[in-house]
Visitor: 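The following block contains the structure, expressed as structure tokens.
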Amino acid sequence: MCENVLILGRGIGQVMFQNNALSGLLMLIGIACNSWQLAILAIAGTIVSTLTASLLKYNKRDIRDGLYGFNGTLVGIAIGVFMEINILSILLLIAGSALSTWIAWCFRRQRLLPGFTAPFILVVWFLLIGCYYLYPAVLLHSAVENPESSADFFRAFSLNLGQVMFQGNIFTGWFFLAGILITSRLNVIYAVIGAALPLCMVLCPYVDVTAWNAGLLGYNGVLCAIALGNSYTWQGIMKPIISVFLSIVLQLVGMQMGIVTLTAPFVLSVWVVSLLWREKKEIITS
């Protein structure tokens, strides 16, 4: 029983690359600071995706490390963010979390590109498109926020961290940061870099300050920086920085096109940077 709880904690922590149950607990507390309902849905998604991996007899070590849990965590939260909570949405949560596990397994069967949160993205896009055409009543309507003209740097920085899991509470981001800190100081440094770099976008005259304040331009950068920031070398620093700015561009393009981007800018930018660096390295060594 205790081991199962630890697996679930690691699953939540792996959303931000932390293989630590205590990290996951702190992140769950951060979610609960914003919404206890979303915290419950996060747990539900993690349980379903992890249980699916166990029933399908996937690699036990991967299951133990939470690698089949974090996409389900995000699917569960997304259900609460985009849909009314009823029988249908709960069934979609179960089906979506289970499906994300299978897609994650498919990614782990190849070595060209890491899956990251791609299973979550594909599942939620599929669910949103399906509901839009088949049962639109279950979808929540986006609230129109009053346009903001003044930049709040502290709020934007905090929400750049919190929006990694759809959380719009200032304190949530700091719980996420604390969860990373107990596992890796290097990851904390890069998480801060990833949350800070997008703040410079406020200098661009055409950037929506409301979206900037809400952390919508920065959360992908946080994931990019943690994913690629594995050293203090110049090359180690340049890769995440390039990825962060590429993710901002992709996010702005997606928002302009009206796409629910989720963490797709993070996944795409890390894939692009990793492939380019790999190709560059092969050219140099050949």
Side-chain angles (χ1 to χ4, degrees), residues 1-25 27-28 31 38-83 85-131 134-135 138 164-166 183 223 226-227 262-264 266-268 270-271 274:
M1 179 64 180
C2 182
E3 178 59 25
N4 291 334
V5 173
L6 293 176
I7 291 172
L8 295 178
R10 295 186 197 111
I12 297 173
Q14 287 284 10
V15 174
M16 301 185 78
F17 303 98
Q18 306 308 305
N19 184 12
N20 187 300
L22 183 54
S23 295
L25 175 60
M27 293 174 191
L28 186 63
I31 297 171
L38 292 182
I40 292 175
L41 293 174
I43 295 172
T46 312
I47 290 173
V48 172
S49 56
T50 303
L51 183 60
T52 300
S54 297
L55 293 175
L56 294 176
K57 301 186 184 304
Y58 290 164
N59 185 279
K60 290 184 178 180
R61 181 174 180 179
D62 291 344
I63 295 172
R64 186 172 61 251
D65 289 343
L67 296 178
Y68 284 112
F70 68 93
N71 279 289
T73 303
L74 291 171
V75 170
I77 298 172
I79 291 294
V81 170
F82 295 111
M83 301 181 188
I85 302 303
N86 53 34
I87 296 297
L88 175 60
S89 61
I90 294 301
L91 291 176
L92 291 177
L93 184 154
I94 295 172
S97 297
L99 180 58
S100 75
T101 297
W102 178 75
I103 297 175
W105 175 79
C106 291
F107 269 103
R108 297 190 70 78
R109 297 270 293 178
Q110 53 83 46
R111 296 186 178 183
L112 179 61
L113 295 170
F116 295 131
T117 57
F120 146 70
I121 297 164
L122 295 174
V123 165
V124 173
W125 277 351
F126 176 75
L127 293 179
L128 291 178
I129 292 172
C131 289
L134 300 176
Y135 197 77
V138 75
V164 169
M165 298 193 215
F166 300 99
T183 304
L223 291 173
I226 301 174
L262 305 174
T263 54
F266 146 64
V267 174
L268 291 174
V270 172
W271 281 352
S274 297

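From a predicted model like this one, the values you see are computed outputs, not experimental measurements.
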Visitor: Is the count of non-hydrogen atoms from other residues, nucleotides or ligands lying under 6.0 Å from Ile87 atom CD1 greater than 12?
Guide: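 No, because the 6.0 Å sphere around CD1 of Ile87 holds 12 heavy atoms or fewer from other groups.
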Visitor: Heavy-atom distance under 4.5 Å between the side chains of Phe116 and Leu223, does that happen here?
Guide: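 No, their side chains stay 4.5 Å or more apart.
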Visitor: On a heavy-atom basis, which atom in Ser49 and which in Ser97 lie closest, and how many Å separate them?
Guide: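 Heavy atoms of Ser49 and Ser97 come nearest at CB-O, 3.6 Å.
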Visitor: For the CZ atom of Arg108 and the CD1 atom of Ile103, what is their distance to the nearest 0.5 Å?
Guide: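 One gets 15.0 Å once the value is rounded to the nearest 0.5 Å.
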Visitor: For residues Ile79 and Ser89, report the shortest heavy-atom separation together with the two atoms involved.
Guide: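 Result for this residue pair: CG2-O, 3.7 Å.
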Visitor: Provide the closest heavy-atom pair for Phe107 versus Leu113 in the form atom of the first, atom of the second, distance.
Guide: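 Minimum heavy-atom contact is CD2-O, 4.0 Å.
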Visitor: Compare every heavy atom of Gly24 with every heavy atom of Ile12, then report the nearest pair and how far apart it is.
Guide: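 Where Ile12 meets Gly24 most closely, the heavy atoms are CG2-O, 3.6 Å.
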Visitor: I'd like to check Ile90 versus Leu41 (side-chain heavy atoms, cut-off strictly below 4.5 Å). Are they in contact?
Guide: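 Yes - at least one pair of side-chain heavy atoms lies under 4.5 Å apart.
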Visitor: How far does CD1 of Ile94 sit from CD1 of Ile47, to the nearest 0.5 angstrom?
Guide: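 Taking CD1 in Ile94 and CD1 in Ile47, the distance rounds to 10.5 Å.
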Visitor: Check whether any side-chain heavy atom of Phe70 sits under 4.5 Å from a side-chain heavy atom of Phe17, and report yes or no.
Guide: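 Heavy-atom side-chain distance check fails, nothing below 4.5 Å.
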Visitor: Which distance, rounded to the nearest 0.5 Å, do you find between the CG of Leu93 and the CD1 of Ile85?
Guide: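 Nearest 0.5 Å value for the CG-CD1 distance: 8.0 Å.
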Visitor: Decide yes or no for Leu122 and Phe126: does some side-chain heavy atom of the first lie under 4.5 Å from some side-chain heavy atom of the second?
Guide: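 Sidechains of Phe126 and Leu122: no contact.
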Visitor: What I'd like to find out is whether the side chain of Val267 reaches to under 4.5 Å of the side chain of Thr117, using heavy atoms alone.
Guide: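 Side-chain contact under 4.5 Å: yes.
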Visitor: Parallel, tilted or perpendicular, judged at 30° and 60°: which one describes the rings of Tyr68 and Tyr58?
Guide: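 Ring orientation of Tyr68 relative to Tyr58: tilted.
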Visitor: So does Asn20 get a backbone contact from the side chain of Gln18, meaning a donor-acceptor N/O pair under 3.5 Å?
Guide: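 Judged by distance alone, no pair lies under 3.5 Å.
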Visitor: Could you give the distance from CD1 (Ile63) to NZ (Lys57), rounded to the nearest 0.5 Å?
Guide: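 Spacing of CD1 (Ile63) from NZ (Lys57) equals 9.5 Å.
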Visitor: Looking only at heavy atoms, which two atoms of Ala227 and Val270 are closest? And how far apart?
Guide: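 For Ala227 and Val270, the tightest heavy-atom pair comes out as CB-CG2, 4.4 Å.
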Visitor: I'd like to know if the side chain of Asp65 and the backbone of Leu67 have a donor-acceptor N/O pair within less than 3.5 Å.
Guide: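 Answer holds: no.
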Visitor: Which heavy atom of Met83 sits nearest to which heavy atom of Cys131, and what is that distance?
Guide: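 Met83 and Cys131 have their closest heavy atoms at CE-SG, 3.8 Å.
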Visitor: Measuring from atom CG of Leu38 to atom OG1 of Thr73, what distance do you get when rounded to the nearest 0.5 angstrom?
Guide: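 Reported value, rounded in 0.5 Å steps: 12.5 Å.
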Visitor: Is there side-chain contact between Trp271 and Pro114, with at least one heavy-atom pair below 4.5 Å?
Guide: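 Result yes, sub-4.5 Å side-chain heavy-atom pair found.
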Visitor: To the nearest 0.5 Å, how far apart are CG in Leu128 and CG in Leu262?
Guide: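 If we round to the nearest 0.5 Å, Leu128:CG and Leu262:CG are 7.0 Å apart.
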